[in-house]
Amino acid sequence: MSTLVFLEHHGGELQKGSLAVLSKAASLGGDVAGVIVGSGVDGLADQAAKHGAATVYVADDPKLEAPLPQPRVDAIAQLVADKSIETVLFAQSILAADIAAGLAARLDAGLNWQLTDIATDGGDLVGKQSALGDSVVVDVGWKTTPRIGLFRAGAFDPSEQAAAGTVEAFSPELQEHSLAAEMVEQAHAEESGPSIEDANVIVAGGRGLGEPEKFALVEELAKALGGAVAATRAVVDAGWYPYSAQVGQTGKSVSPTLYIACGISGAIQHKVGMQSSKTIVAINKDPNAPIFEFADLGVVGDLHTIVPKLTELVRARRVS
Amino acid sequence: MKIAVCVKEVPDATAHKRIDPGTKRLDRSGEGALNAFDANAVEEALRLKDATGDGEVVVVSMGPERALNSLRKALAMGADRAVLIADDGAAGSDLVATSLMLAKALEREQPDLILFGQQSSDSDGAVLWAAVAERLKQPVISQVAELTLEGGSLTGKRQTEFGYDVIRAPLPAVVAVADSINEPRYPSLKGIMGAKSKPQETVSLADLGVEAGSAGEEGSHTQVLALSDPPPRGDTRKIEDDGSGAEQIVAFLAEKRLI
């Protein structure tokens with residue numbers, strides 16, 4: 001079995017989600033390799049080796065600098081052919097989803113997405129796919145190779161495991177249509193406060209706060225708990241809170257030890273970004289809010305009275 | 001300017017969605033509706049057509065013949081005509097098979113621009129555009145929240161996990177729009193009345209030159225092996241705040257050793 005994991009990087013670091021998928025692939029056994037595509041990315045290979053990549057393929061070329069999907073389809077398709085790769089795995093991201101689907105069309109290969117787990121069954125692989133708003137788990141398979149799988153964010157945790165980590169540079173041949181799109185501008189949101197991706201505790205605010213000023217309640221509680229602040233897309237779109245704090249399908253995916261959702265209904269778009277949190281506490285005045293279906297503790301009530309009191313109680317405990 | 005919008009019929013939002021244990025496919029026997037995210041793509045196409053003064057908006061879909069009922073919503077909004085790939089041999093197609101059929105239908109149309117909505121509400125699929133673009137050998141931009149056309153190229157601005165990107169591509173191109181790009185219009189009564197008489201074509205696999213072995217379950221490379229209930233997420237407890245909500249949360253967190 002030979003498996004290739006796409007290793008996404010940003011700001012000079014491999015993404016945690018990619019490393020987690022790599023760790024999972026390594027645990028399944030066989031030849032496990034990672035692929036890094038970009039410009040000036042040579043230094044990233046070591047990190048991949050620490051997470052179980054026996055071989056790290058690196059395509060380093062100024063033409064590959066912008067994180068656009070189509071040149072990466074060329075690169076990965078070439079590796080699949082040259083190295084007889086049987087399985088290509090991705091961690092969900094905007095970039096990864098577009099590469100995975102482009103690759104499926106290029107190779108006429110099966111793509112399963114929304115995967116939450118994968119296991120070997122005889123000589124074959126079976127994926128677990130969460131479907132219909134997480135109401136059903138579907139065991140999915142691939143009828144042919146190469147198999148392509150796209151894992152939901154937070155499906156696994158990265159784990160360190162030593163591997164040979166032989167680095168092999170390659171130069172993909174890029175197709176004309178793959179170079180047609182060009183990145184004109186790229187801006188990165190400024191992070192303020194602790195990064196939500198690394199936080200153990202996250203306090204998140206949604207529309208139920210009522211007005212942007214009320215984010216202070218969320219910030220105070222986060223501070224008392226030593227955590228970070230997150231927001232739903234609705235309030236980010238409304239300009240209440242910066243984009244860097246957005247959790248959900250079009251934002252970040254987080255899996256803290258504790259996630260406290262304040263005034264968040266728990267729509268599927270938000271849920272996919274935080275459902276792998278270890279413990280979820282929800283405060284919402286609507287007893288029918290979907291978040292109560294998956295919160296470990298749900299409190300139906302007015303967050304404007306509960307949250308300040310909670311902050312006070314947490315502070316008192318810390319002091320005593 | 002000819003714009004094709006790829007749309008999908010999904011089970012009505014109010015319907016209870018289930019997977020048929022026999023066929024292991026989504027049960028589509030109930031009421032269908034136009035995938036809500038596709039309305040943003042139709043809206044964007046209509047705005048671009050209005051801005052350029054002339055052109056044509058064609059909705060392209062794959063599904064059973066009765067899916068035309070759902071496509072009519074796009075026509076009622078203002079799209080000019082609909083093309084539906086309706087063939088028993090197409091049922092059960094996965095991504096790779098679906099992208100092939102759509103690409104063949106789009107090749108017949110030769111649009112300048114192909115639009116998709118941000119995801120399908122039934123399968124949570126959010127990848128088809130990239131497969132279609134690859135088959136047509138056209139550039140693709142996804143998650144576009146602002147779209148501008150200038151001469152022979154388009155520029156899309158989008159949010160990513162890290163900030164925002166501005167990406168430019170020459171036409172013809174494939175674009176998937178985010179649902180934040182616009183507010184879809186409601187069809188007017190006149191639009192609804194007129195929709196029925198707009199051209200609605202159904203095409204078969206043979207019409208598209210797609211061989212039976214490349215479509216449906218036979219042409220698919222993925223398969224559903226089994227269905228099961230999701231594991232319960234431990235105990236979920238829901239309490240009404242009687243004034244002691246904050247205390248109860250603290251007790252819960254203490255019990256879990258989280259504070």
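A, B, ... follow the sequence lines: proteins, then strands. Residue 1 opens every chain.
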Taking [atom1] in [X] as the centre, count heavy atoms belonging to other residues, nucleotides or ligands within less than 6.0 Å. Is the count above 12?
X: B/Glu150; atom1: CD; result: no
X: A/Glu185; atom1: CD; result: yes
X: A/Glu182; atom1: CD; result: yes

| Those residues that, when tested against A/His10, pass ring-ring contact (aromatic ring centres under 6.0 Å, His included) (two or more places apart) |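 Here the qualifying residues are A/His188, B/Phe162.
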Against chain B, label [X] side chain, backbone, both or neither, depending on which of its atoms sit under 4.5 Å from a heavy atom there.
X: A/Glu312; answer: neither
X: A/Val73; answer: side chain
X: A/Asp237; answer: side chain
X: A/Glu293; answer: backbone
X: A/Gln114; answer: side chain
X: A/Arg318; answer: side chain
X: A/Lys285; answer: neither
X: A/Val281; answer: side chain

| query | Is a salt bridge present between B/Glu161 and A/Lys252, judged by a nitrogen-to-oxygen distance below 4.0 Å? | reply |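 Salt bridge flag = no for A/Lys252 with B/Glu161.
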So which part of [X] gets closer than 4.5 Å to some heavy atom of chain A, the side chain, the backbone, both or neither?
X: B/Leu253; result: side chain
X: B/Lys256; result: side chain
X: B/Arg18; result: backbone
X: B/Leu136; result: neither
X: B/Glu240; result: both
X: B/Gln248; result: backbone

| Which residues, numbered in order, of residues 101-115 of chain B come under 4.5 angstrom of chain A by heavy-atom distance? | none
| message | I want to check something: taking the side chain as every heavy atom from C-beta on, are A/Arg233 and B/Asp179 in contact at a cut-off of under 4.5 Å? | response | yes
| message | When you compare the side chain of A/Leu225 with that of B/Ile259, does any pair of heavy atoms fall below 4.5 Å? | response | yes
Please round to the nearest 0.5 Å and tell me the distance separating atom [atom1] of [X] and atom [atom2] of [Y].
X: B/Thr160; Y: A/Leu95; atom1: OG1; atom2: CG; value: 9.5 Å
X: A/Asn284; Y: B/Lys238; atom1: CG; atom2: NZ; value: 10.0 Å
X: B/Lys137; Y: A/Gln70; atom1: NZ; atom2: CD; value: 9.5 Å
X: B/Asp241; Y: A/Ile306; atom1: CG; atom2: CD1; value: 3.5 Å
X: B/Ile249; Y: A/Leu310; atom1: CD1; atom2: CG; value: 5.0 Å

